[in-house]
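Order of appearance sets the numbers: ligands from 1, and atoms from 1 within every ligand. Residue indices begin at 1 and follow the sequence shown.
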Amino acid sequence: MGCQFDQLINRRNTHSRKWDGVLELFGEDNLIPMWVADMDFRPPEAVVRAVTERAAHGIYGYENKPANYIDVVIKWLRNRHEWEIEPGWISHSPGVVPGLALAISALTEPGERIVIQPPVYPPFYAVIRDNGRVVVENPLRCEKGKFTMDFADLEEHFRSGVKAMILCSPHNPVGRVWTEAELRQLEQLTAKYGVTVLSDEIWSDLAFPGHKHRPLASLSPEMASRTLTFMAPSKTFNLAGFYLSNVIIPNPDLQKKFCSQMQRLGLTHLNFFGLVASEAAYREGAEWLDQLLDYLQKNVDYTISELGKINPKIKVIKPEGTFVLWLDCRELGIPAEELNNFFVCKARIAFNDGMVFGPSGYGFQRMNIGCPQVVIAEAMERLAKALS
Ligand SMILES: Cc1ncc(COP(=O)(O)O)c(C=O)c1O
């Protein structure tokens with residue numbers, strides 16, 4: 001008997017970006033959508049129950065934030081990440097990307113340079129540039145299929161006066177769960193040059209067994225005072241459509257600036273369905289999450305094994321967390337500019353083109369494996385045919 005994650009749920013005609021947005025974005029229909037990072041799984045039943053009950057009440061007026069929401073977030077961080085935070089450190093934003101935009105506009109000046117580490121989640125580029133700031137790239141290094149930070153290059157940027165960076169931890173798309181030793185090195189450098197870190201930890205709950213996510217701000221009070229941590233139940237429990245994320249800011253001065261910006265934009269209220277869903281997920285979703293991680297790990301192993309059989313020239317960067325795979329297709333012999341077209345038109349699969357993750361993404365594709373394994377099997381069949 002299959003498990004809950006084996007269930008095939010039709011998402012077509014639900015306004016799903018992943019499924020219904022394929023034609024518009026890829027110019028073709030009937031592709032297997034393995035791109036934007038949400039999953040094709042139902043969240044924990046407690047979430048569905050809580051949202052359904054609240055919906056059935058039928059009155060949707062203005063609401064207060066439930067006091068126990070803060071409580072469940074604190075407990076979640078304590079239990080999953082051994083991070084003790086105070087209630088007053090928690091703010092919110094309508095999604096992590098809006099939170100990053102708010103932080104950039106509140107804490108940096110127009111024209112200021114901000115470091116990111118490509119290949120990386122494309123909106124990092126957009127959120128910096130759209131706010132009139134300047135992107136500084138500190139590309140990750142890749143040796144023998146493992147990505148690491150280039151600290152020497154990073155220090156050069158800090159030495160030249162850069163005072164802010166966006167960290168992606170765990171890292172999308174390369175799937176690294178940064179180790180404590182790596183984060184300590186980052187801590188040292190940011191302390192030496194007084195750099196503020198916007199730490200995007202949206203993937204923090206999705207580290208595979210054997211890898212431990214360490215919140216950057218939990219390293220020391222000094223690091224905490226220079227870090228804004230962005231976390232959310234959206235990736236963890238597949239709740240992206242609720243647009244709710246938590247922004248943890250221990251430094252009262254930084255928090256005041258962040259919250260003033262929220263206020264200026266009239267963004268202080270939250271969608272109550274997001275709160276209801278997230279509270280239920282944090283309160284009752286731990287066991288579901290452990291089962292999910294087990295399923296995702298199996299999907300990773302299965303995909304790596306299948307790709308190895310189909311064409312070992314596609315090299316998979318083995319992820320330590322997340323539900324995306326970074327596929328190195330440079331040896332396939334297909335020019336980088338034509339690669340996505342090959343997957344779309346010949347294999348009929350919609351991956352994210354690696355190019356949009358920065359120049360070092362040329363020749364790569366990002367594959368979302370947050371789906372029932374039979375869907376991956378079908379994609380592998382299509383790919384085998386396309387490559388034969
Ligand atoms: C690193 C990272 N940050 C943020 C987001 C999106 O966050 P939100 O939808 O809350 O804006 C994603 C989604 O894939 C992501 O990978």
Side-chain angles (χ1 to χ4, degrees), residues 15-18 21 25 33-41 43 73 91-105 114-128 130-131 135 140 147 165-178 197-207 213 215-216 227-248 262 265 267 270-271 273-275 277-278 281 296 317 319-326 350-354 356-358 361 364-371:
H15 310 291
S16 152
R17 190 183 305 166
K18 187 180 185 182
L25 197 80
M34 306 185 109
W35 60 293
V36 65
D38 71 20
M39 301 183 282
D40 297 327
F41 305 134
V73 172
S91 306
H92 306 281
S93 63
V96 166
V97 175
L100 291 171
L102 284 161
I104 286 169
S105 57
I114 301 174
V115 167
I116 58 173
Q117 298 178 307
V120 77
Y121 179 59
F124 284 9
Y125 284 93
V127 85
I128 294 172
D130 292 349
N131 282 285
V135 168
L140 298 177
F147 281 85
M165 80 176 280
I166 306 180
L167 174 71
C168 196
S169 176
H171 191 97
N172 169 15
V174 307
R176 278 301 316 281
V177 175
W178 304 116
V197 184
L198 310 181
S199 192
D200 180 338
E201 303 189 16
I202 196 169
W203 292 98
S204 54
D205 298 318
L206 293 165
H213 172 77
L216 180 70
T227 306
L228 289 82
T229 307
F230 299 83
M231 290 176 154
S234 49
K235 300 285 168 223
T236 314
F237 299 107
N238 208 24
L239 306 177
F242 285 118
Y243 296 99
L244 173 70
S245 58
N246 303 314
V247 190
I248 298 153
M262 295 271 286
L265 297 172
L267 286 173
L270 298 162
N271 181 298
F273 275 118
L275 288 163
S278 304
L296 291 176
I317 308 301
E320 299 166 346
T322 80
F323 51 79
V324 291
L325 289 186
W326 193 230
F351 290 152
N352 289 95
D353 196 340
V356 298
F357 294 79
F364 287 77
Q365 297 279 298
R366 194 191 71 171
M367 174 183 184
N368 178 345
I369 49 96
C371 58

Colleague: With a cutoff of 4.0 Å, is P98 in contact with ligand 1, counting heavy atoms of the residue only?
Modeller: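 Yes; P98 lies near enough to ligand 1 that a heavy-atom distance drops under 4.0 Å.
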Colleague: To check you understand the geometry: which heavy-atom pair defines the closest contact between N368 and A37, and what is its length?
Modeller: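 Of all heavy-atom pairs spanning N368 and A37, the closest is ND2-CA, 3.8 Å.
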Colleague: Between N131 and S105, is there a donor-acceptor pair closer than 3.5 Å when you use the side chain of the first and the backbone of the second?
Modeller: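 A pair under 3.5 Å: no.
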Colleague: Can you pull out the closest protein heavy atom to atom 6 (C) of ligand 1? Residue, atom name and distance to 0.1 Å, please.
Modeller: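 Going by distance alone, atom 6 (C) of ligand 1 is nearest to Y121 OH, 3.1 Å.
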Colleague: In the protein, which heavy atom is nearest to atom 14 (O) of ligand 1, and how far is it?
Modeller: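 Of the protein heavy atoms, K235 NZ, 2.9 Å lies nearest.
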Colleague: Among all protein heavy atoms in this structure, tell me which lies nearest to atom 1 (C) of ligand 1, with the distance rounded to 0.1 Å.
Modeller: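 Checking every protein heavy atom, the shortest distance to atom 1 (C) of ligand 1 gives D200 OD2, 3.3 Å.
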Colleague: Name the closest protein heavy atom to atom 7 (O) of ligand 1, giving the residue it belongs to and the distance to 0.1 Å.
Modeller: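 Looking at atom 7 (O) of ligand 1, the protein heavy atom closest to it is I202 CD1, 3.3 Å.
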Colleague: Sort out for me which residue in H213, R176, H171 forms a side chain to side chain donor-acceptor pair (under 3.5 Å) with E320.
Modeller: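 Testing each of H213, R176, H171 against E320, the sole residue satisfying side chain to side chain donor-acceptor pair (under 3.5 Å) is R176.
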Colleague: Can you pull out the closest protein heavy atom to atom 16 (O) of ligand 1? Residue, atom name and distance to 0.1 Å, please.
Modeller: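 Of the protein heavy atoms, N172 ND2, 2.7 Å lies nearest.
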Colleague: Could you state the interatomic distance from CZ (F242) to CZ (F237), rounded to the nearest 0.5 Å?
Modeller: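 Taking CZ in F242 and CZ in F237, the distance rounds to 13.0 Å.
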Colleague: Under 4.0 Å from a heavy atom of G95: give me the atoms of ligand 1 that qualify, with their elements.
Modeller: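 By the 4.0 Å cutoff, the relevant atoms are 10 (O), 11 (O).
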Colleague: Please evaluate residues F351 and W35 with respect to the criterion ring-ring contact (aromatic ring centres under 6.0 Å, His included), reporting the C-alpha separation (whole Å), side-chain torsions for both, the decisive distance (0.1 Å), and the verdict.
Modeller: CA-CA 5 Å; F351 290 152; W35 60 293; over 10 Å; no
Colleague: Begin from the C-alpha positions of L100 and D200 and carry the test side chain to side chain contact (heavy atoms under 4.5 Å, CB included) through to its verdict.
Modeller: CA-CA 8 Å; L100 291 171; D200 180 338; 4.0 Å; yes
Colleague: Heavy-atom contacts under 4.0 Å between W203 and ligand 1: side chain, backbone, both, or neither?
Modeller: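 Contact part for W203 vs ligand 1: side chain (C-beta onward).
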Colleague: What is the minimum heavy-atom distance between F357 and Y121, and which atoms define it?
Modeller: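 So the two residues come closest at CD2-N, 4.0 Å.
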Colleague: What are the atoms of ligand 1, with element, lying closer than 4.0 Å to any heavy atom of A37?
Modeller: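 The atoms of ligand 1 under 4.0 Å from a heavy atom of A37 are 14 (O).
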Colleague: With a 4.0 Å cut-off on heavy atoms, does Y243 reach ligand 1?
Modeller: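 No, Y243 has no heavy atoms under 4.0 Å from ligand 1.
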Colleague: Below 4.0 Å from any atom of ligand 1, is there a heavy atom belonging to C168?
Modeller: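 It does, in that a heavy atom of C168 comes within the 4.0 Å cut-off of ligand 1.
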Colleague: Looking only at protein heavy atoms, which one is nearest to atom 11 (O) of ligand 1, and how far off is it?
Modeller: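 Scanning the protein heavy atoms, the shortest distance from atom 11 (O) of ligand 1 goes to V97 N, 2.9 Å.
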Colleague: Could you tell me if the side chain of I166 sits less than 4.5 Å from the side chain of F230, heavy atoms only?
Modeller: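 The answer is no, as the side chains (C-beta and beyond) never meet within the 4.5 Å cut-off.
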Colleague: Which residue holds the protein heavy atom closest to atom 8 (P) of ligand 1, what is that atom called, and what is the gap in Å?
Modeller: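 The protein heavy atom lying closest is V96 N, 3.5 Å.
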Colleague: With the threshold set at under 4.0 angstrom, would you say H171 reaches ligand 1 through any of its heavy atoms?
Modeller: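 Not so, H171 does not reach ligand 1.
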Colleague: What I want to find out is whether K18 reaches D40 closely enough, with some N-O distance under 4.0 Å, to be called a salt bridge.
Modeller: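 Counted as a salt bridge, because a side-chain N and a carboxylate O are separated by less than 4.0 Å.
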